[in-house]
Amino acid sequence: MTEIAKGLEGVLFTESKLTFINGTEGILTHLGIPIQEWAENSTFEELSYALLHAKLPSAAELAKFDAELRANRELPAKLVEEIASFPANVHPMQALRTAASYLGLFDPQAEETSEGARYAISIRMIAQFSTMIAAIARARRGEAIVAPRADLTHAANFLYMLRGEEPTPEQARLFDIALVLHADHGMNASTFTAIATSSTLSDMYSCMVSAIGALKGPLHGGANEAVMDMLDEVGTPDKAAEYINGKLDRKEKIMGVGHRVYKNFDPRSRVLRDYAEHVANQQGKSNYYQILETIEKTVIDRIGSKGIYPNVDFYSGTVYSDLGIPKEFFTPIFALARISGWCASVIEYTRDNRLLRPDAVYTGATDQHYVDLKDRQ
Ligand SMILES: CC(=O)SCCNC(=O)CCNC(=O)[C@H](O)C(C)(C)COP(=O)(O)OP(=O)(O)OC[C@H]1O[C@@H](n2cnc3c(N)ncnc32)[C@H](O)[C@@H]1OP(=O)(O)O
Ligand SMILES: O=C([O-])CC(=O)C(=O)O
């Protein structure tokens, strides 16, 4: 009998030097370096360089790359106008998908697919995704769009544009760590989607728009917002265990737990949990962390034996929420970070491109003949 790899589970379709995951032992490395070391020591700018070049930058290379990102933050004025007129009630991921596509209209290199062009476009998109997302957030709240500043880091500039005031160094660093943790993750659904599009030799903007669409779904990047919905529904920590037990009894899914590859724990969620705990311990903060702690314990007690543990989307929202970021922007922020992984993976795959085209086992009718419309039941 023909074996079907449902969900392409375990199917190896390419080689990559960027990211390694051992889902049984909870190991994630970029360029062989553990994610915990990236989070502790590095920045989003440095990891983006490392992914795009498959090597750690020298100090001079990093300074040049950072300067290029800073120089490319501004959006075309027409796009800013367009974002300001988007309907306020659309989901920000819809707005981002549209804005990213619109951005391509102003890029003279948009149709070029050489590696050099893909790289130059990647720098612009990494820089401009941040500006687009902050602009979408401001416009949605009816606030004036804040122009980017070139004297701030990528993380600090995003929070500045979003809130209209500079973050503290601690807030900027916390957000930077969140970006580092989300920047790449092997052949996840959105990266795979970007690669599938690029495998037809399509352009970078089409690849990124496809990837945004794939990230949006609640089984992937959209889960971080869904977790926050769940926390709001639970309300207070004392109700969390009953709420989760009820959901599991009804065989409903819990958002932010479970993973196609990690069957023990997701190392990113551990890092985020520590930061979420740190933030929660500061005076006057939300009780989201306490609810999540109880949910984690209840889930592991009930279904941990199936390999269900918190994933990266579980704790990220409470960190964002304590940074003053509204929940509808959690998934756009995922895109703000993952753009680096998408671009790097597309560039890497395209070097030895092969059209992606799997197959399905046909189970439909055979030996039929066309029936005229008037003779059909
Ligand atoms: C950044 C990211 O993309 S990380 C993932 C973000 N997504 C989410 O958090 C959404 C919730 N999680 C899920 O839906 C799933 O865990 C997925 C889609 C991420 C991975 O699923 P799969 O690899 O297909 O796992 P699969 O569906 O085979 O699950 C195995 C068992 O665990 C159960 N299970 C998996 N996830 C969950 C969950 N979130 N809640 C409850 N039960 C779950 C399944 O029902 C299944 O049980 P069974 O064996 O009794 O039928
Ligand atoms: O790898 C996956 O399937 C999903 C994930 O955790 C990510 O994209 O960060």
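Order of appearance sets the numbers: ligands from 1, and atoms from 1 within every ligand.
Looking at H259 against ligand 2, only its side chain comes within 4.0 Å, counting heavy atoms. Residue contacts with ligand 2 for F334 involve side-chain atoms from C-beta outward but no N, CA, C or O (heavy atoms, distance under 4.0 Å). Counting heavy atoms closer than 4.0 Å to ligand 2, residue R268 contributes side-chain atoms (C-beta onward) but none from N, CA, C or O. Within the 4.0 Å heavy-atom criterion, neither part of N188 lies near ligand 1. Using a 4.0 Å cut-off between heavy atoms, H185 contacts ligand 2 through both its backbone and its side chain. When non-hydrogen atoms are compared, ligand 1 lies under 4.0 Å from the side chain of K263 (C-beta onward) but not from its backbone.
Atom CZ in R73 sits 11.5 Å away from atom CD in Q128 (nearest 0.5 Å). Within the model, atoms CD of E296 and CD1 of I308 stand 13.0 Å from one another, a figure rounded to the nearest 0.5 Å.
At under 3.5 Å, a nitrogen or oxygen of N311, whether backbone or side chain, sits near a nitrogen or oxygen of ligand 1. Considering backbone and side-chain N/O atoms, E252 never comes within less than 3.5 Å of an N/O atom of ligand 1. At least one N/O-N/O distance between R260 and ligand 1 falls below 3.5 Å. Taking only nitrogen or oxygen atoms, main chain and side chain alike, G221 does not reach within less than 3.5 Å of ligand 1. Geometrically, ligand 1 and G256 share a nitrogen or oxygen pair separated by less than 3.5 Å. Remark: ligand 1 and V257 share an N or O pair separated by less than 3.5 Å (distance only, no angle test).
Atom 8 (O) of ligand 2 has R338 NH1, 2.8 Å as its closest protein atom, hydrogens excluded (heavy atom only).
A cation-pi arrangement is present between R270 and F265, with the terminal nitrogen or guanidinium carbon under 6.0 Å from the aromatic centre and inside a 45° cone about the axis. Relative to the ring axis of F44, R173 does not place its NZ or CZ within 45° and under 6.0 Å from the centre. A cation-pi contact, defined as under 6.0 Å to the ring centre and within 45° of the axis, is absent between R140 and F86.
A salt bridge is absent between K17 and E348; no separation between the charged side-chain nitrogens and carboxylate oxygens falls under 4.0 Å. Note on R124 versus E68: no salt bridge recorded, every NZ/NE/NH1/NH2 to OD/OE distance being 4.0 Å or above. The residues D313 and R268 are annotated as not salt-bridged, no charged nitrogen and carboxylate oxygen being separated by less than 4.0 angstrom. Using a cutoff of 4.0 Å between basic side-chain nitrogens and carboxylate oxygens, R163 and E165 are not scored as salt-bridged. For the pair R273 and E277, the salt-bridge criterion is not met [side-chain N within less than 4.0 Å of a carboxylate O].
The presence of a protein heavy atom under 4.0 Å from atom 12 (N) of ligand 1 is confirmed. For atom 21 (O) of ligand 1, no protein non-hydrogen atom is found at a distance below 4.0 Å. Within the 4.0 Å cut-off (strictly below), a protein heavy atom is located near atom 9 (O) of ligand 1. Inside a 4.0 Å radius of atom 30 (C) of ligand 1 there is not any protein heavy atom. Within the 4.0 angstrom cut-off, atom 15 (C) of ligand 1 has one or more protein heavy-atom neighbours. Per-atom contact check: atom 51 (O) of ligand 1 does not touch the protein, criterion being a heavy-atom distance below 4.0 Å. Using a 4.0 Å threshold on non-hydrogen atoms, atom 46 (C) of ligand 1 does not count as touching the protein.
With hydrogens and angles ignored, the 3.5 Å screen pairs a side-chain donor or acceptor of N264 with a backbone N or O of T24. With N353 contributing its side chain and S199 its backbone, the two residues share a donor-acceptor pair below 3.5 Å. Judged by distance alone, with hydrogens and angles left aside, the side-chain atoms of H182 form a donor-acceptor pair with the main-chain N or O of A178 at under 3.5 Å. Although no hydrogens or angles enter the test, the distance criterion places a donor-acceptor pair under 3.5 Å between the side chain of S122 and the main chain of R118. Looking only at distances, no side-chain donor or acceptor of Q109 sits under 3.5 Å from a matching main-chain atom of I121.
Interface of I303 with ligand 1, defined as ligand atoms under 4.0 Å from a residue heavy atom, comprises 41 (C), 42 (N). For ligand 1, the atoms closer than 4.0 angstrom to any heavy atom of F334 are 1 (C). Remark: ligand 1 atoms within the under-4.0 Å shell around heavy atoms of A223 are 6 (C), 7 (N), 8 (C), 9 (O). Ligand-side atoms of ligand 1 in range of G258: 16 (O), 19 (C), range being under 4.0 angstrom from any heavy atom.
Considering only non-hydrogen atoms, atom 48 (P) of ligand 1 lies nearest to K306 out of H259, K6, K306, K253. Among V261, I308, N224, the residue whose heavy atom lies closest to atom 37 (C) of ligand 1 is I308. The option from L248, D266, D313 that lies nearest to atom 2 (C) of ligand 1, judged by heavy atoms, is D313.
At least one heavy atom of I254 sits under 4.0 Å from some atom of ligand 1. Distances from ligand 2 to the non-hydrogen atoms of M187 include no value under 4.0 Å. Within the structure, the closest approach of P218 to ligand 1 falls below 4.0 Å when heavy atoms are considered.
The only member of Y262, F334, F192 that meets ring-ring contact (aromatic ring centres under 6.0 Å, His included) when paired with H185 is Y262.
The aromatic ring centres of F329 and Y320 sit 6.0 Å or more apart.
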